[in-house]
2 protein chains.
Amino acid sequence: MLPAMSIRPPLRQRKRQRARDQIVAAAFELFAERGFAEVTVADIAERAEVGRTTFFRYFGDKQEVVFSEEQTLMDDWVARHRALPPAETLDDALAQTREFTVALVREMTADAEHFLQHERLLAANPELNDRAMRKYQRLVEAMSDNLRAKGTPEPAATLVPQLALACYRTARHVAGPDPAALPAALEDAFEQLIGLSRR
Amino acid sequence: MLPAMSIRPPLRQRKRQRARDQIVAAAFELFAERGFAEVTVADIAERAEVGRTTFFRYFGDKQEVVFSEEQTLMDDWVARHRALPPAETLDDALAQTREFTVALVREMTADAEHFLQHERLLAANPELNDRAMRKYQRLVEAMSDNLRAKGTPEPAATLVPQLALACYRTARHVAGPDPAALPAALEDAFEQLIGLSRR
DNA sequence: GTCCTAAGTGGTACTGAGTACCATAACGGA
DNA sequence: TCCGTTATGGTACTCAGTACCACTTAGGAC
């Protein structure tokens, strides 16, 4: 009857979303104040005003909360990648992957503040870096699956996304944590890659 | 006086090595029997006949013991890489890196049984895979440092070793865990890489 | 509204990793 | 033989992560 009813984000789900948001917000606040290692799950739960148990219902472990935002972005990008047209040649596949990766990185670095805080956390906590690598690998594998499904033969289907990751890692290393410099450095790495074995 | 005294691996150090070996042996036995997650550090310490505390004196955490052997190998290979002659061109650097990586992988897979057990552990335990990736990255960074020190400019100094890792990951994925198939698959990936942008 | 079921919550209690500390043992040199 | 350094193993602690349980509440049927 009421407009709110017909628009329907079914209350239960809204509560759920709110709890999740509170947890993420509390976590990032505390991480910024004290650093990842010095914050306990109990601390986060307390500030988010939920039970410790509830934290683990929303996030599999303490590390996951750090990647909560990235995770949903990734899912988006995997879907977008799946929608890409098939690549005719291997050069084509590489060019397409390059374009895709650059666009992805541009979005990742769009919120410079958030990106920087994220990078600072990773730099200070090796376990978080490890976890980030796992995320990257998952994305790379999803891209490989998509390429394979669209006819790119092995080993190129696996190799090309791995090369994109190599370029990203390179750019990240050369450019430092500055989000503004990253896209250009990434283009540069791809240029280098393409130029490498061309004579 | 006694010959043993003059050959001198100073008893204390021998004991230390023996304790370490016992821990590694006990750990791998137990992992093979029950799997990584189902073995506690206390279990390992007990079978190795040392105190739980002692385990952590030799290994920073439970995961480290899995990579104990690899770690010493890595140190070796980093030194060997440092001793390589400087690469004149970028093509040269890539070719050299390729040769080096293939040789490294051949040694890694030489003990097929050990390699397989290791891979099985990684496959069954994501955290171990994460840690392995960290090790790979450390090696890659060491290689980059060496290239840079010998005059290879950025971003190639960073990129080339990252590309080698990309090839390895690709080979590992395409070939499966079979150590015998790995070197050939690796060569294949490098061929693909070199061929990719050559027209 | 009333009732019912399923979903969500938070508390308690447990295991196990990792750390700090300490008292003791034993190597190795004088 | 004595002494300082090094290594050991025990105790006790914090905290992540899991299992379980009793309690609440959304939301549908009537």
Side-chain angles (χ1 to χ4, degrees), chain A residues 1-2 4-24 26-27 30-31 34-68 121 125-128 130-131 134, chain B residues 1-2 4-24 26-27 30-31 33-68 121 125-128 130-131:
Chain A
M1 284 168 177
L2 292 168
M5 265 189 84
S6 51
I7 312 169
R8 248 190 327 166
L11 177 55
R12 211 147 205 185
Q13 192 171 314
R14 263 180 295 150
K15 272 194 153 184
R16 210 156 199 295
Q17 189 57 48
R18 199 161 50 82
R20 192 190 166 89
D21 291 346
Q22 281 172 350
I23 293 173
V24 173
L30 288 164
F31 293 158
R34 281 182 251 162
F36 183 78
E38 283 68 36
V39 174
T40 72
V41 172
D43 293 336
I44 301 172
E46 193 185 359
R47 183 164 305 193
E49 297 181 291
V50 299
R52 208 181 72 98
T53 317
T54 300
F55 176 93
F56 287 108
R57 257 189 218 101
Y58 285 87
F59 301 96
D61 58 35
K62 191 181 155 192
Q63 301 189 9
E64 269 309 303
V65 71
V66 174
F67 300 97
S68 54
L121 280 175
N125 303 90
E127 338 87 75
L128 289 180
D130 293 353
R131 186 60 76 93
R134 192 198 294 190
Chain B
M1 286 167 173
L2 292 167
M5 266 189 82
S6 51
I7 312 171
R8 251 191 323 165
L11 175 57
R12 210 146 205 185
Q13 191 170 315
R14 261 178 299 150
K15 271 194 152 182
R16 208 154 202 297
Q17 188 58 48
R18 200 161 50 82
R20 192 189 165 88
D21 292 346
Q22 280 171 351
I23 293 173
V24 173
L30 287 164
F31 293 157
E33 290 172 17
R34 281 183 251 162
F36 182 78
E38 283 68 35
V39 174
T40 73
V41 172
D43 293 336
I44 301 172
E46 192 185 0
R47 183 165 304 192
E49 296 180 293
V50 298
R52 205 182 75 99
T53 316
T54 301
F55 176 93
F56 286 108
R57 257 189 218 98
Y58 284 88
F59 300 96
D61 59 32
K62 191 180 154 192
Q63 302 187 10
E64 269 309 303
V65 70
V66 173
F67 300 97
S68 53
L121 279 176
N125 303 91
E127 338 89 75
L128 290 180
D130 294 353
R131 186 60 76 94

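By convention in this document, chain letters (A, B, ...) are assigned in the order of the sequence lines, proteins followed by strands, and residues within each chain are numbered from 1.
Residues satisfying the salt bridge (Lys or Arg N to Asp or Glu O under 4.0 Å) criterion with R34(A), sequence neighbours excluded, are D43(A). Partners of A42(A) under the side-chain contact (heavy atoms from CB on, under 4.5 Å) rule, at least two apart in sequence or in another chain, are T40(A), R52(A). For S68(B), the side-chain contact (heavy atoms from CB on, under 4.5 Å) partners at least two apart in sequence or on another chain are R20(B), V24(B), F59(B). For Q63(B), the side-chain contact (heavy atoms from CB on, under 4.5 Å) partners two or more places apart in sequence, or in a different chain, are F36(B), D61(B), E127(B), L128(B), R131(B). Scored by the salt bridge (Lys or Arg N to Asp or Glu O under 4.0 Å) test, R134(A) finds D130(B) as partners (sequence neighbours excluded). With sequence neighbours left out, the salt bridge (Lys or Arg N to Asp or Glu O under 4.0 Å) criterion links E46(B) to no other residue. Under the ring pair (Phe, Tyr, Trp, His ring centres under 6.0 Å) criterion, F56(A) pairs with no residue, sequence neighbours left out. Applying the ring pair (Phe, Tyr, Trp, His ring centres under 6.0 Å) criterion to Y58(B), with sequence neighbours excluded, gives no partner residue. Remark: E33(B) engages R47(B) in a salt bridge (Lys or Arg N to Asp or Glu O under 4.0 Å) (not counting sequence neighbours).
Crowding of E49(A) atom CD: a count of heavy atoms from other residues, nucleotides or ligands under 6.0 Å not exceeding 12.
Distance Q17(B) CD to dC27(C) P: 17 Å, rounded to the nearest Å. In this entry the distance linking CD of Q22(B) with P of dT8(D) reads 11 Å, nearest Å. Protein atom CZ of R16(A) is 13 Å distant from nucleotide atom P of dG27(D), rounded to whole Å. When the C1' atom of dG18(C) is taken as reference, atom CD of E38(A) falls 15 Å away, rounded to whole Å. Taking atom CZ of residue R18(A) and atom P of nucleotide dA7(C), one finds them 21 Å apart after rounding to whole Å. Between E127(A) atom CD and dA16(D) atom C1' the separation is 12 Å, expressed in whole Å. When the P atom of dA17(C) is taken as reference, atom CG of L128(B) falls 13 Å away, rounded to whole Å.
Note: R12(A) CZ to K15(A) NZ = 9.0 Å, rounded to the nearest 0.5 Å.
Heavy-atom distances under 4.0 Å link DNA chain C to V39(B), T40(B), V41(B), R52(B) of residues 39-52 of chain B, given in residue order. Within residues 55-66 of chain B, the residues having any heavy atom closer than 4.0 Å to DNA chain D are, in order of number, R57(B), Y58(B).
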Contact list (N/O, under 3.5 angstrom) for nucleotides 23-25 of chain D vs protein:
{"from": "dT25(D)", "atom 1": "O2", "to": "R12(A)", "atom 2": "NH2", "distance (Å)": "3.4"}

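Between the side chain of T54(B) and the base of dG9(D), no donor-acceptor pair under 3.5 Å is found.
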